[in-house]
Q: 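Can you read through this structure? Questions will come right after.
First listed ligand is number 1; within each ligand, the first listed atom is number 1.
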Amino acid sequence: MATIRENPIFRIVWQQTPIQECGEPMIDLSKFNFVLDPVYFKQGISNSPVCFVREQVAHKLQRVQDNLGRYRLKIWDTWRPRSLQAKLYDYYRSKLAFEHPDWDKLRLDEEMTIFVARPDINLIPPHSTGGAVDITLVDQNGKELDMGTDFDHFGPEAASLYFESQQQERSAEICSNRRLLRSAMSAEGFRFDEFEWWHFDFGNQCWAAAFGYSFAIYDEISEPLHTSI
Ligand SMILES: C[C@@H](N)C(=O)N[C@H](C)C(=O)O
Ligand SMILES: [Zn+2]
């Protein structure tokens with residue numbers, strides 16, 4: 001796997017972006033007609049299959065899906081408590097260490113920083129706000145569109161614009177599918193992630209920093225207690 005570099009300035013900026021929590025409740029996505037595929041629950045990493053997001057995020061996703069017409073959104077992951085973020089971080093760190101026995105601690109840390117938000121106490125993982133989603137598109141038969149990599153493929157090919165500069169046989173189709181997802185999500189105000197084509201943010205610090213807003217509207221939520229229907 002070739003190393004790709006995260007812009008360290010952006011990382012510092014988003015992590016320091018102020019938050020003015022708007023108090024929006026969480027909502028269970030099973031009340032909508034998305035295709036739910038809670039991957040981390042199926043893998044035994046999470047102990048809950050329920051997909052929670054902030055209310056506005058859910059309605060935005062609904063509009064994205066409505067506007068897509070013949071495609072539906074498949075949702076792999078949404079809100080994560082910090083404890084799950086920590087489990088996920090450890091799981092992937094061990095996996096990367098096993099696959100790359102030649103990598104030292106520094107290299108492992110660098111690669112991990114790109115693909116999984118650190119669960120450190122002084123950072124707020126984007127998914128822990130209810131404002132981040134990991135998604136893809138499926139056709140009428142429930143078949144996933146070709147996005148060039150699997151979910152959580154931690155390599156350069158996962159970068160949102162990677163295939164824009166490739167001349168492979170499938171590149172044009174992959175670019176078109178990724179563009180469709182990105183433009184549909186952008187139209188609803190989501191921020192796409194540079195390194196993971198499946199990850200989108202709304203309302204959290206990444207979103208605010210990327211769009212130059214002076215504050216984020218979603219803080220960390222430890223339990224989705226105040227849910228809405
Ligand atoms: C682990 C992956 N699906 C993901 O969501 N990564 C981002 C960077 C995150 O952990 O917030
Ligand atoms: Zn994500």
Q: For Thr149, check side chain to side chain donor-acceptor pair (under 3.5 Å) against everything at least two apart and list the hits.
A: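 Thr149: side chain to side chain donor-acceptor pair (under 3.5 Å) contacts with Trp197.
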Q: Could you tell me how the ring of Phe154 sits relative to the ring of Tyr92: parallel (under 30°), tilted (30 to 60°) or perpendicular (over 60°)?
A: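 Plane angle between 30° and 60°, so tilted.
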Q: Going by the rule side chain to side chain contact (heavy atoms under 4.5 Å, CB included), which residues pair with Arg93 if we only count those two or more places apart in sequence or in a different chain?
A: Tyr89, Lys105, Leu108, Asp109, Met112
Q: About how large, to 10 degrees, is the angle ND1 of His199, then the Zn ion (ligand 2), then OD1 of Asp134?
A: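 It comes to 110°.
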Q: Please list, by chain and number, the protein residues whose heavy atoms come under 4.0 Å of ligand 1.
A: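 Lining ligand 1 at under 4.0 Å, by heavy atoms, one finds Tyr40, Arg80, Gln85, Phe115, Val116, Ala117, Pro126, His127, Asp134, Phe151, Asp152, Glu196, Trp198, His199.
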Q: Has the side chain of Asp193 got a donor or acceptor atom that lies under 3.5 Å from a matching backbone atom of Glu196?
A: yes
Q: Identify, with sequence neighbours excluded, every residue that meets side chain to side chain donor-acceptor pair (under 3.5 Å) alongside Arg178.
A: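 Testing Arg178 for side chain to side chain donor-acceptor pair (under 3.5 Å), a comparison that skips the adjacent residues, returns none.
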Q: With a 3.5 Å cut-off and no angle check, do the side chains of Tyr40 and Asp152 form a donor-acceptor pair?
A: yes
Q: Fit a plane to each ring of Tyr213 and Trp207, take the angle between them on a 0 to 90° scale, and name the class: parallel (under 30°), tilted (30 to 60°) or perpendicular (over 60°).
A: tilted
Q: Strictly under 2.8 Å, is the Zn ion (ligand 2) approached by any N, O or S atom of Asp193?
A: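 So Asp193 does not count as coordinating the Zn ion (ligand 2).
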